[in-house]
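One structure is given here, and the rest of the page talks about it.
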There are 2 protein chains.
Amino acid sequence: MSDKFDQLIIKALQEDARQSVSAIAEQVHLSRSAVSERLKRLEQSGEIRGYQVLLGHKSMSGVAAYFDIQHNSARCADVIPLLTAIPEVRRCHGISGEIDLMVFVQADSVTRLHQIREELDAHPAIVRIKTHIVLSDWINKAD
Amino acid sequence: MSDKFDQLIIKALQEDARQSVSAIAEQVHLSRSAVSERLKRLEQSGEIRGYQVLLGHKSMSGVAAYFDIQHNSARCADVIPLLTAIPEVRRCHGISGEIDLMVFVQADSVTRLHQIREELDAHPAIVRIKTHIVLSDWINKAD
DNA sequence: CGCGCCAACCGGCGTTATGCCGGTGTTTTT
DNA sequence: AAAAACACCGGCATAACGCCGGTTGGCGCG
């Protein structure tokens with residue numbers, strides 16, 4: 001499903017997703033056409049989902065925070081629609097431990113953050129929310 | 001520092017970071033050269049940090065986990081080099097609350113996860129670590 | 001063993017995109 | 001008001017791309 005060459009191509013794209021097929025071909029020691037075809041296949045098969053631009057800290061205006069959420073719903077899935085509906089929710093993971101959901105939010109202001117928190121609190125299935133506002137951003141690799 | 005056109009260019013790149021300058025130019029109604037120059041400026045000024053490939057869930061083999069870390073170091077920065085040295089560490093945020101650092105890790109195996117945890121435990125400045133293994137991935141917007 | 005089949009790779013060709021540069025219009029400075 | 005600074009445009013030479021025919025190397029089957 002993905003041999004050594006595909007891995008090399010992906011690794012090259014992880015270094016810089018905006019580089020020419022020719023440049024990648026040179027790195028992995030294949031012809032440009034071979035890399036081109038492999039790329040197309042990787043994209044169509046869904047192994048490669050897309051390409052993202054990584055922004056500098058300047059563009060990161062606003063506030064980020066973690067919510068750890070505990071809920072009493074039988075299935076986690078009950079509260080997911082609520083979270084999906086909030087555009088500021090960047091990531092949501094079901095996790096082990098006392099907490100059930102770890103949610104990462106990026107909002108424009110602290111006010112908006114509170115608003116979101118209250119919206120979540122209103123949901124009957126949600127028992128407890130802890131907010132951890134992000135003070136510093138040390139490491140941030142995409143994906 | 002970044003006018004309406006820059007925003008449009010960035011938005012276009014967020015849709016697909018691997019598209020030609022010409023294609024972007026067409027979307028934002030500028031000449032290719034103008035977009036090209038703006039892009040170079042955005043990259044050099046650090047507003048654009050780089051470009052990443054987004055992989056499908058198939059390639060997401062392995063285990064993900066959150067570490068919440070409490071440390072006694074005067075400055076957070078003391079433990080950051082240790083984290084930066086570990087390639088599996090995807091994100092690290094300094095946060096408010098009882099916890100000091102929220103670290104997101106993506107490793108190949110649970111064994112490797114434990115290995116990383118022990119490595120962190122060995123650091124004198126780190127007081128306490130809680131591990132939350134990710135069971136489900138509900139929402140995951142890049143950046 | 002040899003034959004044919006299939007998948008992957010290569011390289012050339014025409015088209016498209018890129019980088020560079022001079023020219024132009026607009027705003028800011030002196 | 002002239003000059004300088006800035007951003008944009010468009011043309012040209014070069015590089016990259018997509019496409020296609022030809023070649024290679026493995027693999028099964030008679």
Side-chain angles (χ1 to χ4, degrees), chain A residues 1-62 106 108 137 140-143, chain B residues 1-62 87 90 106 108-109 140-143:
Chain A
M1 203 102 211
S2 72
D3 64 352
K4 185 179 66 181
F5 281 121
D6 285 345
Q7 295 302 332
L8 284 172
I9 291 172
I10 289 174
K11 204 159 92 179
L13 286 171
Q14 283 176 331
E15 298 293 319
D16 175 13
R18 252 186 97 76
Q19 59 180 312
S20 67
V21 173
S22 314
I24 300 172
E26 206 171 342
Q27 295 172 46
V28 305
H29 303 295
L30 275 181
S31 75
R32 356 182 193 109
S33 0
V35 174
S36 189
E37 289 165 14
R38 278 170 177 274
L39 248 190
K40 196 158 60 180
R41 191 173 50 72
L42 286 170
E43 287 166 358
Q44 288 177 347
S45 75
E47 285 201 70
I48 288 180
R49 194 161 19 110
Y51 305 96
Q52 248 291 324
V53 55
L54 302 178
L55 301 178
H57 299 253
K58 297 129 196 186
S59 321
M60 274 232 223
S61 59
Q106 194 135 20
D108 281 342
D137 186 4
N140 202 335
K141 303 175 192 168
D143 236 7
Chain B
M1 204 103 212
S2 71
D3 63 353
K4 187 180 64 184
F5 281 122
D6 285 344
Q7 296 301 334
L8 284 172
I9 291 172
I10 288 174
K11 204 159 93 178
L13 286 171
Q14 283 176 331
E15 298 294 318
D16 173 13
R18 247 186 102 73
Q19 59 179 312
S20 67
V21 173
S22 314
I24 301 171
E26 205 170 340
Q27 295 172 46
V28 305
H29 303 294
L30 275 180
S31 74
R32 312 122 220 168
S33 1
V35 174
S36 190
E37 288 165 15
R38 277 169 178 275
L39 248 190
K40 197 158 59 180
R41 192 173 50 72
L42 287 170
E43 288 166 359
Q44 288 177 347
S45 75
E47 284 200 70
I48 288 180
R49 195 160 19 108
Y51 306 96
Q52 250 290 326
V53 55
L54 302 178
L55 302 178
H57 296 256
K58 298 134 196 181
S59 321
M60 270 234 226
S61 58
R90 315 297 290 173
Q106 193 134 20
D108 282 341
S109 64
N140 202 337
K141 302 175 191 168
D143 234 9

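This is a predicted model, so every value here is computed, not measured.
Proximity note for Phe5(A) (side chain, C-beta onward) versus dC9(C), dA16(D), dT18(C): the nearest is dC9(C). Listed nucleotides dT18(C), dC9(D), dC10(C) differ in distance to Ala34(A); the shortest reach to its side chain belongs to dC10(C).
In this structure, His29(B) atom NE2 and dA7(D) atom C1' are separated by 18 Å, rounded to whole Å. In this structure, Leu8(B) atom CG and dA7(D) atom C1' are separated by 16 Å, rounded to whole Å. Rounded to a whole Å, the CD atom of Glu26(B) is 13 Å from the C1' atom of dT16(C). Here dA7(C) presents its C1' atom at 11 Å from CZ of Arg41(A), a figure rounded to the nearest Å. The interatomic distance linking Leu30(A) (CG) with dT24(D) (P) rounds to 18 Å, in whole Å. Atom CD1 of Ile9(B) is separated from atom C1' of dC8(D) by 12 Å (rounded to the nearest Å).
An OP1 or OP2 oxygen of dG18(D) is reached within less than 4.0 angstrom by no side-chain nitrogen or oxygen of Arg32(A). For dC17(D), the OP1/OP2 oxygens have no side-chain nitrogen or oxygen of Lys40(A) closer than 4.0 Å.
In plain terms, the two heavy atoms of Leu55(B) and Arg49(A) that are nearest each other are O-NH2, 2.8 Å. Here the closest heavy-atom approach between residue Asn140(A) and residue Asp137(A) is recorded as ND2-OD2, 3.5 Å.
If you find the closest nucleotide of DNA chain C to Arg38(A) and to Arg18(A), the one lying nearer the 5' end belongs to Arg38(A). Comparing Glu37(A) and Ser33(B) by the nucleotide of DNA chain C that holds the closest heavy atom to each, the one mapping nearer the 5' end is Glu37(A).
Looking only at distances, no side-chain donor or acceptor of Glu47(B) sits under 3.5 Å from a matching main-chain atom of Ile10(B). Arg18(A) places a side-chain N or O within 3.5 Å of a backbone atom of Gln19(B) that can act as its donor or acceptor partner.
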